[in-house]
Each structure stands twice: as structure tokens, then as C-alpha cells.
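The structure under discussion appears below in the form of C-alpha cells.
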Amino acid sequence: MSHFVLEIGTEEIPARFLQNTEKELTERFAAQLQESRLGFEKIEVHSTPRRAVLHIYNLEKIQPMVEEFIMGPAVSIAFDKDGSLTKAGQGFLRGQGASEGDIVRKQTEKGEYIAVNKTSGGKTAEEVLKTVCPQIIAALPFPKRMRWGEESFAYARPLQWILAMLDNQPIVFQVGDVVSSNQTYGHRIHGFGPYVLGHADDLEAVLLEKSQIVCDAQKRRQYIIDTGNALVADLQQGAGIIWKDELLDEVQGLVEKPVPIICSFDESFLELPKEVILTTIEHHQKCFGIQGQDRKLLNKFLTVLNIEPEDIEVVRAGWERVVRARLEDARFYWKEDLKDSFKKWVPMLDNVIFLGPLGSMGDKSRRLEQLCGWLGEKVDLRGGDHLDNGVELAQRAGRWCKADLMSKMVGEFDTLQGIMGSIYALKEGWEPPFAMALKEQYLPAGPDSMLPMSDLGACLSMADKADTLVGCFGLGNIPTGTADPYALRRAALGISRILLEFGYEIPLSELFEKAYSFYSPDIKWKFTKEQTLEKLLEFCQARLKHYFVGEGTETLVVEAVMNGKNIDGKLEADHVWATEKRLNALKAFMRKEDFTENAQVLKRMTNILARAENSLTGSFDEALFENAAENALAEGIQNFVGIFDTHFANHNFMPIMDAMAALRPLVDAFFENVMVMADDRKVRENRMNMLFAIMSRMNRMADFANLQI
């Protein structure tokens, strides 16, 4: 068994590229080695801005030999009348690298065929890697690629070197203008190299010893945390760094040799809102804020260098000078904005385009005012948030929620939209729930991100997302592939998550139809209203399905519940809040010992009903009964229907599943003693209507026909 190491050295690659590069290298080498029949224990990939390092541990040194019996064309096709090979026969041999003397005749049920015994394998790991490595490196996907010099080869950034070693043996191949070797390079400042490697085991130890380079991203991340926490512990008791995972991932991807240091800024800047200061140092400078035990910001921040400077105070002063300039800008915008107000900003929204034919942000805010008012009535804001003027607040939130886009602060720091609106609203003396709603309007930002905490914020968030979805779908701006410039997938999932969390009994179709109604009739849509709403519902239900599967439920179970339909053929998934309850009820039902028997009965009824000649109603005539089993089932159906109709209306689904389980013995007896497909048409339809009375209801719970049993 051998150890193979591959190091791809480049100019600095953006941090956002690294994680996907590690994933692609792992998957592609695993697939190629499996295809080449070379066994291995594990693959590890580490990366820094200037290198991707792949380790393959316990790699087999040689392919196993494999004998294959490969069938060719029939003898009558492979040979002509004179016994000479035809073009078909010659082509088969050429494709297998065989000669006429290798032919074996094989008698089969379809006649006599020619075949060859082919032996493959036996290649060394070195031979395989020489072919595989350049192919994989050249095929790695990046959001952006570049070319350099006169080369046609493209990569994320220019290649500088490639190290490839199998134990102590260099693997030589060429990618672009770079030839692989046993040489690596270190840190640009601290030990550049080159360094000749004696064995694949030595790479990361050599880099750490010669240049203090930490190849493992998780180790760099943890080193930053540990060192940062140690530094801040000396500032004051209870002080702590405001660690944010996304920023940590980015920062560790910017350095090979992490050197955390603490810097300061003038205390006078603490008059700025905490969010403004953090945005300045986090988003613009990639640094971390520091707060005291009372969670108030200190005039300190942590930055991470990629060098060990000779004079750390000079470097520290440089960082502090840059941050001071940014904070000076922020303080100017803050003071200028405090001179203005929402009453000035709201009319200015008419001068900002929302989306082409959909008008201005002013038009959007007027639509949101109406839609938020409607939602406020639907969710009973007066009862939910105990606001006497809840609906009026919702309307104002819709009208004013985009006003902070006109502020100078948001014009400079666009990530603060909504947040600054909330801060300015409190400064103007507006109600805290109203201010909170402005802050929550963009939540949730993803499948795992925070949801709004207030009903008012939830209404504003749903209204904003519904308005955008309806407008984009009406214009035909529907996401395809990975492209989603208007974040419509996130918006659709956000609405569903809010409906699930808050338990709002608002059908998606009703929400989108109401949002559509507030658009101007003068807009030139690509699709009709009906087409728009149909496409939008399908899109939202697909996102909801993806969400449930992502939560750990089997795909077939989710699909069964999502495909539940009422008697009119409309999907019950339109009612998002109830869909999750149906899903949980079905999962609980599936854990019961008699689930298989119950599901088989439901499938059998579905299969029989598929043979119905006419439309069924679920009504049946007891005068047509010919068997006691029919009378017993009719009585059971009457009881089941009562339970179903009562509990389904109240979204209480487990009693329905229990009632179906109690009804099953009567259905079994019915099948055992009654011929459903009787010769008499009236009797046959009457018996099918009995089954339809059950399945027309159970089909609302789930599409049981598609469950695997």
C-alpha cells in the first residue's frame, strides 16, 4: 500500500472557491480510482489560498488482473459466405485489441456468436495517476477561470507548480505549461523555497516547519479562534470576540499562516449603532468585533494577518487607519440621515426602479401596504401580537419598509437595509413592534437562517416575498438550473417556513392571488393570471418538498404527502401548515406494526378504482347490497366518514389514520366475500362507490399508490 500526495500550487485563489475545490477533488479522484479498480483507504483534501493538497492513503500499487468474456456479433454477421471476416467482425476485433486467432465461438439461445477472452488490468498506480491527475486538474470547475501568458489552458488562477509523489517516487505529467515534480514552495515571505520532498508523508510537516503554513482549513480556523480568545482575555474581564461562522470560514481561506492581532479605534465612534460598526469591520475589512460582558461593543477589533511582521505596531497602525476612515464615513452618513426622516424618504421611492415593467419601489411599497393590511386581518394581528392598531401598523410597515434604501447609510452599506430602517424608526419614536418588523422583513435568508419573531414581521416578510414572486413569474423570470438572480427559491421557501412556524392557515394560492390583484392592470405580463399562479404554486411546492427531504424524511414519503389531492384534483399541499401535520401523521402511521397491511389495502382500492367506467361520487345504494360484508362495510364507512370529515377540517390527522386502520378488517372481508367487478353494471358501480367513499378522502391525506411497501 502506498501514500500519494498531489499539491496544486497557484496564485492566490478567492476564499469562496476553496471548499468546492476540496469537494470536487475528493469526488473526482474517488470516482477515477474506482473506475480504474485501484483500492484505497481514504482521501483527504486540504487547501489554502495558494495550494490544494490531496492525500490518498493506502493506495494499491497495481491493478488486479481481470478476465472478461466479451460477446461480439453473430457468426452469420461476423463472417461472409467464404468464411472471411466481414467489416463487422473486423471492427469488433479492432475494438477489443484482438486478432482473428483470439476468436471463440459461443452457442447461445439466439444462435452462434463470436467472442473473445480479454484480460485487462495490471497497470501500476503510477501509470494510472499519470493519466488521471492532469485530466482531473484540467476539469475542475470554478465560477470564473482565467488564462495567462500564451497558454490556452484555463484555471481559477495561474498555476505556479504541481507536486505529485507516490511514496518517494515523483509522478511526472504536464498541465498547461507546468510539469509536476517533487518540489513544493512555501510562504511568500516566510520561507519561499523551493523545497525538495523525499516522501509523500513529509509534505505538510515540511511546509509547517519551513514556513509555518497550516494546510488544514479546520486547524487554521481553530487556531484563529484559540489565539483570538487568548488575546482578548487580557483586555478586560468577560470580554469576548463576536465570532461569526461565515466570516471565520472566509478569513481562514484568506491566509496560509494565520497571525491574529487586536487593534483599536477611537471611542467616539461607539456613538454609532452597533450594527453599523460591525458591518464596517466585518464586511469591509474582514475583521471581528469585540464586546464586553454587557454585550456592548468595545473600541477593539481582531484582524488576522498572513505574515509575522517585523514591526507589528506599524501593521497594527495601518489597520487602525483604514478602519478609522471607514468609520468616519459611517459617522458622516449617520449624522446626515438623522437630519432626514421617513416622510422625506418614502416619496423618493417613486424614483427608484423595482423591476422593469413592474414599476418603481414606490409602486411596490403601495402594493405591500395593501397586502400587509390583508395579511394583518387574516392572521389577526390584534390577537397575535396584542396590538390594538396591528393592521394599521402592518399597512404602514408595508408602505415604509423600503424607505431606508433612500438613506445615505444604506446607500453605502447595502447589507444594512431593513436594519437601519428599524434603527431610524425607533429614533423617530415609532412603536417598537413596527421597528422590529422593518428589521425582520428580509428573514429568513435561507433554509437554516433565523425566522421573524413577531407576527407583524412575519406578515411583512411574506408580503414582500409574495409580491416579488408573483411579479417575476408573471414576467416569465422563472429560475432555471442554478440561475436565480432574484432569489426566488429563497423567497418561496421563506414563505413556507413562516407558514409552518407560525401556523398561519393561509393557502398559498390565496396569498398569491391576492398579491396579483394589487398589481396594476396596465402591466404587460408574459403569462395570464391563471398560468402565473399555476407555475408559481408548482414552484413553491417543489421547494417545500425539497425542504422536507432536507429535514431527513424519505423522498417517497414526502412525495406521497405532497401529491395528496382533494376530490376536485387540487393538491392539498396548497395548505402548507397542514401538509407538515399530514407528513408527521403518515410517518407515525408507518411506524406501526400493521402499516404494511393497511397500505396494501389502500393500494388495492386505488387499483380497482382506476378501472371505473364512469365518474364516481362516493354515494351508494344499500338496496343493491347482496352480501353481509357489504352491509358491514357500509356501516364502517359511515363511521369513518364522520371521523375523517371532523378531524380533517381541524387538521388533526392521526385519528384519521387510526380510523382507517380500524376500517381495514371490514375492507378485507369485503374483498374476500364480494366480487367488486360484478357483471351487473349498477352493482359494480355501487361497490366501487363504496371504495371511492374511502379513497376520495384518504387521497387527501397522501398518494398511497406511490409508497413502496
Side-chain angles (χ1 to χ4, degrees), residues 374-375 377-380 383-384 444 447 451-452 455 458-459 461-462 465-466 469 492-515 533-534 536-591 599 602 640-661 694-707:
W374 177 79
L375 280 168
E377 295 284 358
K378 292 290 289 186
V379 307
D380 189 14
L451 287 163
D455 288 290
C459 287
S461 175
M462 285 196 297
K465 292 171 173 58
L469 283 163
L493 180 57
I495 291 175
S496 293
R497 286 188 63 201
I498 290 172
L499 291 173
L500 290 172
E501 178 68 22
F502 285 82
Y504 295 150
E505 299 186 5
I506 304 173
L508 288 172
S509 57
E510 187 178 350
L511 172 62
F512 294 137
E513 188 168 1
K514 183 59 68 172
L533 297 181
E534 181 182 358
L536 184 49
L537 281 175
E538 289 177 358
F539 178 78
C540 289
Q541 286 161 357
R543 301 313 302 161
L544 183 60
K545 170 189 168 183
H546 187 268
Y547 174 73
F548 286 141
V549 172
E551 290 288 290
T553 304
E554 292 181 19
T555 302
L556 287 175
V557 177
V558 173
E559 288 179 345
V561 171
M562 295 292 296
N563 291 333
K565 296 178 181 179
N566 63 22
I567 197 169
D568 296 324
K570 294 182 178 179
L571 291 173
E572 291 288 349
D574 187 24
H575 304 270
V576 174
W577 74 95
T579 300
E580 184 179 44
K581 291 185 176 181
R582 287 190 292 116
L583 180 61
N584 291 336
L586 179 57
K587 288 160 66 176
F589 187 51
M590 293 176 69
R591 289 193 291 268
L602 291 166
F640 170 76
V641 167
I643 294 173
F644 184 97
D645 293 350
T646 298
H647 288 287
F648 197 91
N650 295 320
H651 317 306
N652 187 18
F653 301 116
M654 204 57 219
I656 293 174
M657 307 306 290
D658 292 336
M660 182 62 233
I694 302 170
M695 289 310 302
S696 61
R697 289 170 171 81
M698 290 305 295
N699 284 337
R700 300 183 70 182
M701 289 292 299
D703 181 8
F704 290 94
N706 288 333
L707 279 179

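Count residues from 1 along the sequence.
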With side chain to side chain contact (heavy atoms under 4.5 Å, CB included) as the test, would you mind laying out the steps for Ile643 and Asp658 before giving the verdict? CA-CA 10 Å; Ile643 294 173; Asp658 292 336; over 6 Å; no
Could you give me the CA-CA distance, side-chain angles and deciding distance for Leu586 and Phe653, then say whether side chain to side chain contact (heavy atoms under 4.5 Å, CB included) is met? CA-CA 9 Å; Leu586 179 57; Phe653 301 116; over 6 Å; no
Passes salt bridge (Lys or Arg N to Asp or Glu O under 4.0 Å), Lys378 versus Glu510? Steps please. CA-CA 11 Å; Lys378 292 290 289 186; Glu510 187 178 350; 3.0 Å; yes
With side chain to side chain contact (heavy atoms under 4.5 Å, CB included) as the criterion, how do Phe512 and Ile495 come out once you've worked through the C-alpha distance, each side chain's angles and the decisive distance to 0.1 Å? CA-CA 11 Å; Phe512 294 137; Ile495 291 175; 4.0 Å; yes
Let's go through Asp380 and Asp455 carefully: what are the C-alpha distance in whole Å and the side-chain angles of both, what is the deciding distance for side chain to side chain contact (heavy atoms under 4.5 Å, CB included) to 0.1 Å, and is it a yes or a no? CA-CA 9 Å; Asp380 189 14; Asp455 288 290; over 6 Å; no
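With rounding to the nearest 0.5 angstrom, the CE atom of Met695 is 5.0 Å from the CG atom of Leu602. Remark: Met462 CE to Leu499 CG distance equals 5.5 Å, nearest 0.5 Å. Atom OG1 of Thr553 is separated from atom CZ of Phe548 by 8.0 Å, given to the nearest 0.5 angstrom. The CG atom of Leu533 sits 11.0 Å away from atom CG of Leu508, with the distance rounded to the nearest 0.5 Å. We find the CG-CD distance between Leu451 and Glu501 to be 5.5 Å, quoted to the nearest 0.5 Å. Residue Leu500 holds its CG atom at 6.5 Å from OH of Tyr547, rounded to the nearest 0.5 Å.
Taking 4.5 Å as the limit, some side-chain heavy atom of Trp374 sits within range of a side-chain heavy atom of Ile506. By the 4.5 Å heavy-atom criterion applied to side chains, Lys581 and Asn652 are not counted as neighbours. At a threshold of 4.5 Å between non-hydrogen side-chain atoms, the residues Asn563 and Asn699 do not count as touching. Here the side chains of Leu571 and Met562 are not in contact, with every heavy-atom distance at 4.5 Å or above.
Listed here is the closest heavy atom pair of Phe539 and Ala492: CE2-CB, 3.7 Å. Taking each heavy atom of His651 and Ala578 in turn, the nearest pair found is ND1-CB, 3.9 Å. Heavy-atom minimum distance, Arg582 versus Gly564: NH1-CA, 4.4 Å. When all heavy atoms of Ala659 and Phe640 are compared, the pair lying nearest together is CB-CD1, 3.9 Å. Closest approach of Lys465 and Ser461 over heavy atoms only: NZ-OG, 2.8 Å. In terms of heavy-atom proximity, Pro444 sits nearest to Arg497 at CB-NH1, 3.4 Å.
Judged purely by atom type and a 3.5 angstrom limit, Asp574 uses its side chain to pair as donor or acceptor with the backbone of Ser509. Remark: the backbone N or O of Leu493 is not paired with any side-chain donor or acceptor of Arg543 at under 3.5 angstrom. Checked by atom type and distance alone, the side chain of Asn650 pairs as donor or acceptor with a backbone atom of Thr646 at under 3.5 Å. Of the possible polar contacts, one joining the Thr579 side chain to the His575 backbone as a donor-acceptor pair under 3.5 Å is found. Looking only at distances, no side-chain donor or acceptor of Arg697 sits under 3.5 Å from a matching main-chain atom of Asp645.
Counting only residues at least two apart or in different chains, salt bridge (Lys or Arg N to Asp or Glu O under 4.0 Å) contacts with residues 556-573 comprise Lys545-Glu559, Glu572-Arg700.
Shown here is Glu554, whose CD atom has no more than 12 heavy atoms of other residues, nucleotides or ligands within 6.0 Å. Counting non-hydrogen atoms of neighbouring residues, nucleotides and ligands closer than 6.0 angstrom, the NE2 atom of His546 reaches no more than 12 such neighbours.
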